[in-house]
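Indexing begins at 1, ligand by ligand and atom by atom, following the structure's order.
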Amino acid sequence: MAEKSLRLPENAPGRWYVDDTCTPCHTCMDVAGPTTPYKLLKYNDDETRVFFERQPATPAEEAAAQEALEVCPTQAIGNDG
Ligand code: SF4
């Protein structure tokens, strides 16, 4: 379970976030990163973390964010922010 208190500051304001336990392993980027139709997640400038560049706005984007949460091996993605 991601931890709200560890939420990365780069995350767009809203419910979904990545916390600082992101490794970053890239797994979620295949689900909701810049090369997907959803483009929700992005690397930070030094590519040490991933963050939500924007919040999901449609049911399909919500589903992609949920899938990213489920595939994250470190449970760094949360939706209770
Ligand atoms: S799957 Fe989790 S640990 Fe891997 S890059 Fe995404 S948020 Fe970070």
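- When atom types are taken as modelled, the side chain of Asn79 and the backbone of Arg15 share no donor-acceptor pair closer than 3.5 angstrom.
- The heavy atom nearest to atom 4 (Fe) of ligand 1, considering only Gly33, Ala68, Cys25, is found in Cys25.
- Distances below 4.0 Å separate heavy atoms of Thr74 from the following atoms of ligand 1: 3 (S).
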Going through the distances and angles, do Gln66 and Glu70 end up as a side chain to side chain donor-acceptor pair (under 3.5 Å)? CA-CA 6 Å; Gln66 181 64 34; Glu70 289 169 6; 2.9 Å; yes
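- At a heavy-atom distance under 4.0 Å, no atom of Val71 approaches ligand 1.
- A donor-acceptor contact shorter than 3.5 Å links the side chain of Arg49 to the backbone of Asp20.
- Within 6.0 Å of CG on Asp80 lie more than 12 heavy atoms contributed by other residues, nucleotides or ligands.
- Using a 4.5 Å heavy-atom threshold, the side chains of Arg54 and Leu40 count as touching.
- Between Ile77, Thr27, Asp19, Leu41, it is Ile77 that holds the heavy atom closest to atom 7 (S) of ligand 1.
- Ligand 1 has Pro73 within reach: a non-hydrogen atom of the residue lies less than 4.0 Å from it.
- Note: Phe51 CZ to Asn11 CG = 7.5 Å, rounded to the nearest 0.5 Å.
- Contact annotation: for Arg49 versus ligand 1, there are no heavy atoms closer than 4.0 Å.
- With hydrogens left out, the protein atom closest to atom 6 (Fe) of ligand 1 is Cys28 SG, 2.3 Å, a heavy atom.
- Just one of Asn44, Thr74, Val50 meets the side-chain contact (heavy atoms from CB on, under 4.5 Å) condition when paired with Pro24; it is Val50.
- For atom 8 (Fe) of ligand 1, the nearest protein heavy atom (residue, atom name, distance) is Cys22 SG, 2.4 Å.
- Less than 4.0 angstrom separates some heavy atom of Val50 from each of these atoms of ligand 1: 5 (S).
- Using a 4.0 Å cut-off between a side-chain N of Lys or Arg and a carboxylate O of Asp or Glu, Lys39 and Glu61 do not qualify as a salt bridge.
- The backbone and the side chain of Thr23 each have at least one atom closer than 4.0 Å to an atom of ligand 1 (non-hydrogen atoms only).
- For ligand 1, the atoms closer than 4.0 angstrom to any heavy atom of Cys72 are 1 (S), 2 (Fe), 3 (S), 7 (S).
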